[in-house]
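Quick note on labels: first sequence line is chain A, next is B, and so on, each numbered from 1. Just so you know, these numbers use all the heavy atoms, side chains as well, and skip hydrogens, waters and symmetry mates.
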Amino acid sequence: MKGRDRPLESTHSPARTLAVVATCLLLAVALLAMSQTAALGVLRGGLELAVAPVQQGVSEATYNVNSWIETAGTAHNQTAEIAALKERIAQLETENARLSGTEAEKQTLLTMLGFQQEHPELHSLPASVIGRDPTGLARILLLNRGSTDGVRLDMAVTSPGGYLLGRVSKVTERTATVLLIDDVDSTIPIMVDRTSVQANVQGQNQHGGSLLVVHIPQGADVARGDLIKTSGLGGTLPKGLLLGQVYEMHQKDIDQEQQAVAAPLANSDSISQVLVVLSAAGPGEALHPVAPSTPGAAGTGTPTPGISGPLYPVPPTATPPPTRTPLPTFTPTPQVTPTAPTTATRTPTTKKKP
Amino acid sequence: MLTLIGFLLVALVGLLQAAVLPVLLPSLLHTGVRPDLLVLLVIAVTLTGSLQDGVLWGFFGGLLLDLLAGLPLGSNAFCLVVVALVAGLGTRNPFRAHLVMPLGMAFGGTTLYYLLLLGLRTVQGQHFAWGASLLGTVLPTALFNTALMPLLYSAVLWLVGRCQPRLPQEWQ
């Protein structure tokens, strides 16, 4: 720095600096040590009460901006795809037209209504996503609903269309933390929708993957394209919530069990509204996947990698989350609807390893 | 004065980092890598201002980040205070005014911050694939932060120059 711009080296005395450093370090360590205690929970609740409105406002604005960006980006991708794949021009144009109009919104609302009618036993609470782990080391969402709204530990959290996103791992008065299903700490008992084979799903995000289906009995009928849903075992999650789709099998003849790789159905990265499943008819009660009345009614499904042709009628763009539409309290408002894989090409692609 | 402005700035950056960047960046950059603006801010203010300011900004910003992201209170605060302390070592370096120092500190400080976070969370019972986390998250973020540092460093340098008392010209 030159001339008049040069500031003094430091305006603080060494003793004062030392005191500040020591105080901050001790406070941080003390807070860490007390992070699970009730006293700190009260303090945290008070602080969250102060910052939550600001955070929610910023989050909503961000999601709006993000939906514009995604729409613009998707339009660009569609243009490139049309140029590359001439035979799909008609189909893409149809989809573009539908997306640009109000038809998609209408279909989504119809699907939401269908989901609600199919699952009268499912009582859920709409919640907004107001925070995420900024480092990406943990796959969590912070919701604007807490124990005062009836949210409890281990409750299932779904996308608006009913795809399982994760379960509540921490609750304060005003907020709840959701551990997503693709976090390495998440293990969900599941069953394969087609064959009712039971297994577990483990998160693999921090390992560079998505979902790993483990403990599949050797010889069990599980194939690429199969949908997986919660089995209800353990009693904490309702039975029948769809969460993923198998896209790769790992089988060794010498092993007693096989494994499969699956992709989550809900896109948790850009989701802004979720449903906390407060109660079903009872623990382990079955829910049934709902087929939409029209193919376009499906919402933001995650395309399954490696499978040619969509198994779901997944639109080429993520439907903007319904942040502009007020969500009725205690009413399931699905944005994404699980759909039967009627168009699936279930070609078994089991990798047999010697 | 710098501390007071720092609280406002850190609050803004914390909100940006916890609520805005995790949503917008994947759409804009099509990558999971996100810059850690608070780490850069703490390093920059420590190098250009004082260790005390860096520690205070780090502590306050870390608490805010923990609060906004639903993480255990104190984890980010602890890591950022340690990063400020390490960055404080750079102020005694003869190359302090050289651009290499903030760049090196950005890379090293980000790596240290993530290692501390990973360590803390492991102690708290979370599981991590250390190799995948280091290669998939820590290294790309450290490189991203290093690339961003000149921009942020210049901004903080300007801010510190405005806020701190200056030497009269005849003394320089």
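Of all the listed residues (B:Gly58, B:Gly74, B:Ala18), the one sharing the greatest number of non-hydrogen pairs under 4.5 Å with chain A is B:Gly74. Of all the listed residues (B:Leu135, B:Asn76, B:Leu68, B:Leu64), the one sharing the greatest number of non-hydrogen pairs under 4.5 Å with chain A is B:Leu68. Taking B:Thr137, B:Leu71, B:Val81 one by one and counting their heavy-atom pairs under 4.5 Å with chain A, the maximum is reached by B:Leu71. The most heavy-atom pairs under 4.5 Å with chain B, out of A:Leu32, A:Val129, A:Leu142, A:Leu47, come from A:Leu32. Per-residue heavy-atom pair counts under 4.5 Å with chain B were compared for A:Leu141, A:Thr177, A:Thr23, A:Leu137, and the maximum is reached by A:Leu137. Between chain B and the residues A:Ile130, A:Val21, A:Val184, A:Val29, the most heavy-atom pairs under 4.5 angstrom are made by A:Val21.
The contact between B:Phe59 and chain A is made entirely by side chain atoms (from C-beta outward), counting heavy-atom distances below 4.5 Å. Contacts of B:Leu80 with chain A are absent, with no heavy-atom separation under 4.5 Å from either backbone or side chain. Using a 4.5 Å cut-off between heavy atoms, B:Tyr113 contacts chain A through its side chain alone, with no backbone atom that close. With a 4.5 angstrom heavy-atom cutoff, B:Val20 touches chain A via backbone and side-chain atoms both. When heavy atoms are compared at a cutoff of 4.5 Å, A:Leu18 does not approach chain B at all. Proximity to chain A is limited to the side chain of B:Leu120, based on heavy atoms less than 4.5 angstrom apart. Interface remark: A:Leu31 contributes backbone and side-chain atoms alike to the contact with chain B (heavy atom separation under 4.5 Å). Residue A:Thr175: no heavy atom, backbone or side chain, is found under 4.5 Å from chain B. Of the atoms belonging to A:Ile140, it is side-chain heavy atoms, and not backbone ones, that fall under 4.5 Å from chain B. Both the backbone and the side chain of A:Ala138 come within contact range of chain B, each with at least one heavy atom under 4.5 Å from a heavy atom of that chain. Interface residue B:Leu63: only side-chain heavy atoms are found under 4.5 Å from chain A. Contact of A:Val65 with chain B is made through backbone and side chain together, with heavy-atom distances under 4.5 Å.
Put simply, OG1 on B:Thr111 and CG on B:Leu139 are 7.5 Å apart, with the number rounded to the nearest 0.5 Å. To the nearest 0.5 Å, the span separating CG on B:Leu47 from CG on B:Asp53 amounts to 12.5 Å.
Inspection of the A:Asp183 and A:Ser186 side chains reveals no N or O donor paired with an N or O acceptor under 3.5 Å. Between the side chains of B:Ser75 and B:Asp66, a donor-acceptor pair is found at a separation under 3.5 Å.
Scanning all heavy atoms of the two residues, the minimum distance from B:Ala87 to B:Met105 falls at CA-SD, 3.7 Å. Here the closest heavy-atom approach between residue A:Met155 and residue A:Arg152 is recorded as SD-N, 3.2 Å.
Counting only heavy atoms from C-beta outward, the side chains of B:Leu134 and B:Leu115 approach each other to under 4.5 Å. Taking the side chain as every heavy atom from C-beta outward, B:Asp36 and B:Tyr114 approach each other to under 4.5 Å.
By the 6.0 Å contact criterion, CD on A:Glu173 is open, its count of non-hydrogen atoms from other residues, nucleotides or ligands being 12 or less.
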| task | Might you work through the side chain to side chain contact (heavy atoms under 4.5 Å, CB included) test for B:Leu67 and A:Arg44, ending with a clear yes or no? | result | CA-CA 7 Å; B:Leu67 197 65; A:Arg44 183 175 194 132; 4.0 Å; yes

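Salt-bridge annotation for A:Asp185 and B:Arg121: absent, with no side-chain N of the basic residue lying under 4.0 Å from a carboxylate O of the acidic one.
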